[in-house]
Amino acid sequence: MKYKHRLTALTALACASALTACSGQSGSQAGTSAGDPVQREFFAMDTYMTLTAYGDEAEAALEKAQTEVEKLESEWSVTNESSEIYQMNHSQGSPVTLSDDTADIVSFALEMAKETEGDLDPTIYPVLAAWGFTTDENRIPSQEELDGLLANVGYERVELDGNTVRLSEGMEFDLGAVGKGYAGDRLAELLKEEGVTSALLDLGGNIQAIGERPGGGDWRLGIRSPFDGGEGVLGMLLASDCAVVTSGNYERYFVGEDGKEYGHIIDPDTGYPVDNGLASVTIIADEGKKGDALSTSMFVKGLDEATEYWQEHQDFEMILVTQDGQIYLTEGVEDQFTLSTDFGNMDIHVIKGDEQ
Ligand code: ADP
Ligand code: MG
């Protein structure tokens with residue numbers, strides 16, 4: 001099953017790249033022949049989203065897409081008192097009944113938490129709040145405070161049975177690490193149902209590519225550099241019909257009184273923001289939710305453990321960038337990724353599967 005998955009992902013990328021080679025530099029002409037893009041920009045799930053689609057159905061489909069994201073946000077917000085996640089977090093130990101959507105994503109988050117041995121832990125929220133990431137009033141909590149909060153962290157203690165969930169008192173659940181990815185999958189499904197065959201969705205850095213670019217061939221996706229506050233483009237990735245999700249500590253971080261930078265991805269083992277030498281992790285996967293869960297958890301794992309995890313699974317591709325300027329990418333994207341000239345001096349190392 002896993003092996004089959006891997007082949008699908010690699011074949012999609014490989015075929016798409018052959019098409020790009022054929023279509024060469026004709027990108028803009030191809031775009032014109034398929035009509036002008038329709039674009040919709042809005043703020044949701046705490047980030048800016050830009051949805052771009054082509055074809056006659058694009059306009060109406062994108063309007064529905066925005067409505068869908070807003071619906072999911074209202075179900076999942078940790079701060080909106082009428083959201084299902086809020087009710088779950090304030091149930092003081094009693095069971096709560098979830099809608100199908102929410103039960104589905106809670107179940108997926110728990111599954112990925114198990115799969116990553118708790119490096120993804122959707123119950124980390126109270127620790128995140130202690131560092132001030134939920135209010136922007138950042139501070140460094142004492143070890144004693146962190147120890148107290150960590151006692152209530154542990155995905156394995158969340159009881160989910162069908163649509164009924166029960167959290168023990170003091171626990172809080174948050175979909176910050178997987179929600180946008182799941183939303184990307186949902187929107188891709190919706191747009192396809194509406195007849196859209198070519199679209200690029202940017203959900204705050206989570207990219208969902210639907211089909212190929214207009215006229216055929218891979219989308220050219222800019223991968224942001226984790227350096228200098230994420231301003232530059234590290235390189236270009238060719239991909240179609242997949243999700244490309246990046247996590248890093250360069251977007252949401254603060255500088256503590258001790259002069260150190262603290263980012264918003266927390267290592268559930270220590271309660272401290274991840275500080276393992278990685279600057280960013282980009283995951284290329286067939287599903288956005290998987291890419292999102294993996295981008296966060298591989299960032300927590302760090303270079304060596306993420307490499308091991310990939311070698312055991314091989315049903316996704318990844319690009320890891322270290323703080324000292326090294327790039328590690330899995331063999332399936334070696335030919336799909338090109339460094340920008342600004343970063344041309346960075347070293348690229350290829351991660352191979354065990355059988356090689
Ligand atoms: P972004 O949301 O910036 O694209 P991520 O997908 O990596 O980045 O999600 C980071 C968010 O996930 C944090 O803001 C926080 O809400 C939550 N989070 C932080 N650390 C973890 C963790 N170890 N496991 C699960 N969720 C986490
Ligand atoms: Mg994520």
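For this chain, numbers begin at 1 and follow the sequence in order. Atoms within a ligand are numbered from 1 in the order they appear, just like the ligands themselves.
Polar contact with ligand 1: present for Ala177 (N/O pair, distance under 3.5 Å). Between Ile266 and ligand 1, at least one pair of N/O atoms sits closer than 3.5 Å.
In this model, a donor atom of one side chain and an acceptor atom of the other lie less than 3.5 Å apart for Tyr182 and Asp104. A side-chain donor from one of Thr102 and Ser99 sits under 3.5 Å from a side-chain acceptor of the other. For Ser340 and Asp342, the side-chain atoms include no donor-acceptor pair closer than 3.5 Å.
Atoms of ligand 1 found under 4.0 Å from any heavy atom of Pro268 (numbered from 1 in listed order, with element): 23 (N). Shown in contact with Leu120 at under 4.0 Å from a heavy atom are these atoms of ligand 1, numbered in order with element: 24 (N), 25 (C). The distance from ligand 1 to the heavy atoms of Leu128 drops below 4.0 Å at these ligand atoms: 15 (C), 16 (O). Which parts of ligand 1 touch Lys180 is read off a 4.0 Å heavy-atom cut-off, strictly below it: atoms 1 (P), 2 (O), 4 (O). The atoms of ligand 1 that sit less than 4.0 Å from any heavy atom of Ser247 are 5 (P), 6 (O), 7 (O), 8 (O).
Ligand 1 lies less than 4.0 angstrom from a heavy atom belonging to Asp119. Ligand 1 is never approached by Arg252 to a heavy-atom distance shorter than 4.0 Å.
Closest to atom 17 (C) of ligand 1 by heavy atom, among Val274, Asp174, Ile265, is Asp174.
Nearest heavy atoms, Cys242 versus Ala239: SG-CB, 3.7 Å. A pairwise comparison of heavy atoms in Ser280 and Thr246 identifies CB-CG2, 4.3 Å as the closest pair. Minimum heavy-atom separation, Ile223 to Thr282: CG2-OG1, 3.7 Å.
Residue pairs meeting the salt bridge (charged side-chain N to carboxylate O under 4.0 Å, His left out) criterion with at least one partner in residues 189-202, sequence neighbours excluded, are Lys64-Glu194, Lys192-Asp241.
Distance from atom 6 (O) of ligand 1 to its nearest protein heavy atom, with residue and atom name: Asp292 OD1, 2.9 Å. Closest to atom 19 (C) of ligand 1, if we only count protein heavy atoms, is His264 O, 3.3 Å. Closest protein heavy atom to atom 5 (P) of ligand 1: Thr296 OG1, 3.3 Å. Atom 21 (C) of ligand 1 has as its closest protein heavy atom Ile124 CG2, 3.7 Å. Looking only at heavy atoms of the protein, atom 25 (C) of ligand 1 is closest to Asp121 O, 3.3 Å.
Checking Ala177 against the Mg ion (ligand 2), an N/O/S atom falls under the 2.8 Å cut-off. Residue side and main chain included, Thr296 places an N/O/S atom under 2.8 Å of the Mg ion (ligand 2).
Ring geometry, Trp219 versus Tyr54: the interplanar angle falls from 30° to 60°, so the pair is classed tilted.
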CA sep, side-chain torsions, deciding dist, call: Tyr262, Tyr253, ring-ring contact (aromatic ring centres under 6.0 Å, His included): CA-CA 5 Å; Tyr262 294 96; Tyr253 69 92; over 10 Å; no
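Scanning for side-chain hydrogen bond (donor to acceptor under 3.5 Å, both in side chains) contacts around Asp347 gives an empty result, with sequence neighbours left out.
Applying the 6.0 Å contact sphere to CD of Gln143 captures more than 12 heavy atoms from other residues, nucleotides or ligands.
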